[in-house]
Amino acid sequence: MNPPVALTIAGSDSGGGAGIQADLKTFAALRVFGTSAITALTAQNTLGVRGVHAAPTEFVVAQIAAVLDDLPVAAVKTGMLATAATVTAVADLAAQGRLPHLVVDPVMVSSSGDRLLEPEAEAAYRDRLFPHASVVTPNLREAEALLGATIRSRADQHEAARALGDLGAAAAVVKGGHPAGDPDGEAVDVVWDGKETHELRARWVDTPNNHGTGCSFASATAAFLAQGDDLRTALAGAKAFVTKAIAGGAAWRLGAGHGPLDHFAWAQVK
Ligand SMILES: Nc1ncnc2c1ncn2[C@@H]1O[C@H](COP(=O)(O)OP(=O)(O)O)[C@@H](O)[C@H]1O
Ligand SMILES: Cc1ncc(COP(=O)(O)OP(=O)(O)O)c(N)n1
C-alpha cells in the first residue's frame, strides 16, 4: 500500500537541524512520504545564520505545482517563506483549494536571533495566508509580533491563541518552548481549536539542543493529518513526537551551539 504524502514548503538549513531537513526527517520517521518546495537557502549551523538566499517566488510556485500535479499530497506544512511575495503566492494556491490540511508555521526569526522573514511579510501572513490555514503554530515571540501584543503569562498565551483564531485561522497553537521552561517543569503549548482553548503539556527537557523544535512540531502535525488523524489527535501526536525527539538528542554534542534533535528516537521507542 502507498504511504500518505505530505509537502513541506520551507527553507533549507545547511546545518541539518531545522527547515526542510527537519521536516523530511520528521515525515520519514512518521512513515509519511515527504515532498518539498524550497523557498530559500540558508548558510546556517548550530551557532547561527550566516546568509540567506531566497528563491524567486515563481520558482517556489513551480516546485509546488510540479509536486501537486503528480503526487497525491494529503497535507502541507509551510515553514520559512522568506518574502512577502512568496507568502502571497502560497496564499493564492491555498485560496484555490490546492493545499489540503495546511499547517502554517510562521517562521520569522531563528533561535539564534537571525531574521528569516522580510518584516513586510508579517501582514501577508495575517491577511492572506492565515484565513486558509487548518492550524497556525507561532512560538511566543512570533505570536507577539503577529498580534502586536505582549505575552507574559499563561493567561496571555490563551488570549493570544484565541486572537490568532480571530485573524481567520481555523485553529492556532501558541508554542511555549522559548525562552524558558514552565515553572511546573513542563513545556506548555496553548491550542485554540475554533471553540475553546486547551493545553498540550509535556515534560521540559533540559538541553541546549533545541534547534528545529518548531519545524519538527509543525511537520509532525502535517504528517499525522496526512495519515488521517483529526486535528486534536494530530497535535497531541506532534507534541509526543517532538518531546521524544528533543529527549533523544539531549545528550548529543553536534556543533558548538544549539544542536539538533533525534527525529528517529520516535521509531526506536515504538
Ligand atoms: N526543552 C524543551 N523540552 C520540551 N519541549 C520543548 C522544549 N523546547 C521546545 N519544546 C516544545 O517544542 C515545540 C516547539 O516549540 P518552540 O520551541 O517554542 O518552537 P520554535 O522552534 O518555533 O521556537 C513545542 O511543543 C514546545 O513546547
Ligand atoms: C531554514 C530554517 N527554517 C526554520 C528555522 C527555524 O526553525 P524553528 O524550528 O522554527 O526554530 P528554532 O529551532 O530555530 O528556534 C531555521 N532556523 N532555519
Side-chain angles (χ1 to χ4, degrees), residues 1-13 18-41 54-83 85-107 124-125 128-137 168-173 212 214-238 241-242 263-264 266-267:
M1 204 172 96
N2 288 330
V5 178
L7 166 66
T8 170
I9 306 170
S12 164
D13 170 4
I20 287 282
Q21 288 80 358
D23 296 344
L24 292 179
K25 280 182 271 192
T26 299
F27 291 160
L30 292 171
R31 306 290 298 156
V32 166
F33 185 81
T35 62
S36 58
I38 298 184
T39 57
L41 305 178
T57 295
E58 317 80 70
F59 201 72
V60 176
V61 172
Q63 294 172 73
I64 299 169
V67 172
L68 294 177
D69 289 348
D70 187 41
L71 290 150
V73 171
V76 179
K77 176 246 165 164
T78 71
M80 175 186 180
L81 295 181
T83 66
T86 294
V87 175
T88 304
V90 171
D92 287 345
L93 288 166
Q96 292 161 24
R98 299 203 70 194
L99 305 180
H101 292 305
L102 180 59
V103 178
V104 174
D105 186 21
V107 172
Y125 264 112
R128 303 292 307 278
L129 190 51
F130 279 12
H132 303 292
S134 300
V135 61
V136 300
T137 64
V173 183
C215 300
S216 304
F217 176 80
S219 52
T221 303
F224 285 115
L225 290 172
Q227 288 172 350
D229 285 346
D230 61 34
L231 184 64
R232 195 180 179 106
T233 308
L235 290 171
F241 176 86
V242 79
H263 296 89
F264 293 95
W266 179 261

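Positions are given from 1, in the same order as the sequence printed here. Since the model is a prediction, treat every value here as computed from it, not as a measurement.
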> Step by step, would you call Leu30 with Phe224 a side chain to side chain contact (heavy atoms under 4.5 Å, CB included)?
Replying inline: CA-CA 8 Å; Leu30 292 171; Phe224 285 115; 3.7 Å; yes
>> Quick one, Asp69 with Arg98, criterion salt bridge (charged side-chain N to carboxylate O under 4.0 Å, His left out). Give me CA distance, side-chain angles, the key distance, then yes/no.
In response: CA-CA 10 Å; Asp69 289 348; Arg98 299 203 70 194; 2.8 Å; yes
> Would Leu81 and Val107 satisfy side chain to side chain contact (heavy atoms under 4.5 Å, CB included), going step by step from the backbone distance to the final call?
Replying inline: CA-CA 7 Å; Leu81 295 181; Val107 172; over 6 Å; no
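What you find for Ala54 and Ala40 is that their closest heavy atoms are CA-CB, 3.9 Å. The shortest non-hydrogen separation linking Val61 to Ala89 is CG2-CB, 3.7 Å. Across all their heavy atoms, Ala171 and Leu231 have their closest contact at CB-CD2, 3.4 Å. Smallest separation of non-hydrogen atoms from Tyr125 and Gly79: OH-O, 3.4 Å. Between Asp23 and Ala10 the shortest heavy-atom distance is OD2-CB, 3.7 Å. Taking all atoms of both residues into account, the shortest heavy-atom contact from Ala223 to Val32 is O-CG2, 3.7 Å.
The shortest distance between side-chain heavy atoms of Phe241 and Thr26 falls below 4.5 Å. Contact check for His132 versus Leu99: no side-chain heavy atoms found under the 4.5 Å cut-off. Residues Val173 and Phe217 meet the side-chain proximity criterion, which asks for heavy atoms closer than 4.5 Å. Annotation: side chain of Thr39 is not in contact with side chain of Thr83 (no heavy-atom distance under 4.5 Å). Side-chain contact between Phe33 and Phe27 is absent, with no heavy atoms from C-beta onward closer than 4.5 Å. Counting only heavy atoms from C-beta outward, the side chains of Ile20 and Ser36 approach each other to under 4.5 Å. When side chains are defined from C-beta on, Val73 does not count as touching His101, because their heavy atoms never get closer than 4.5 Å. Taking the side chain as every heavy atom from C-beta outward, Leu7 and Leu71 never approach each other to under 4.5 Å.
Side chain of Thr35 to main chain of Ala6: a donor-acceptor pair is present (N/O by atom type, distance under 3.5 Å, no hydrogens or angles). The closest donor-acceptor contact from the side chain of Ser134 to the backbone of Leu102 lies under 3.5 Å. Judged by distance alone, with hydrogens and angles left aside, the side-chain atoms of Gln63 form a donor-acceptor pair with the main-chain N or O of Ile38 at under 3.5 Å.
Residues Thr57 and Thr86 bring a donor and an acceptor atom of their side chains to less than 3.5 Å of each other.
Separating the CD1 atom in Ile64 from the CD1 atom in Ile9 is a distance of 3.5 Å, to the nearest 0.5 Å. Distance check, rounded to the nearest 0.5 Å: NZ of Lys25 to OG of Ser216 gives 8.0 Å. Between the CG atom in Asp105 and the OG1 atom in Thr221 there is a gap of 9.0 Å [rounded to 0.5 Å].
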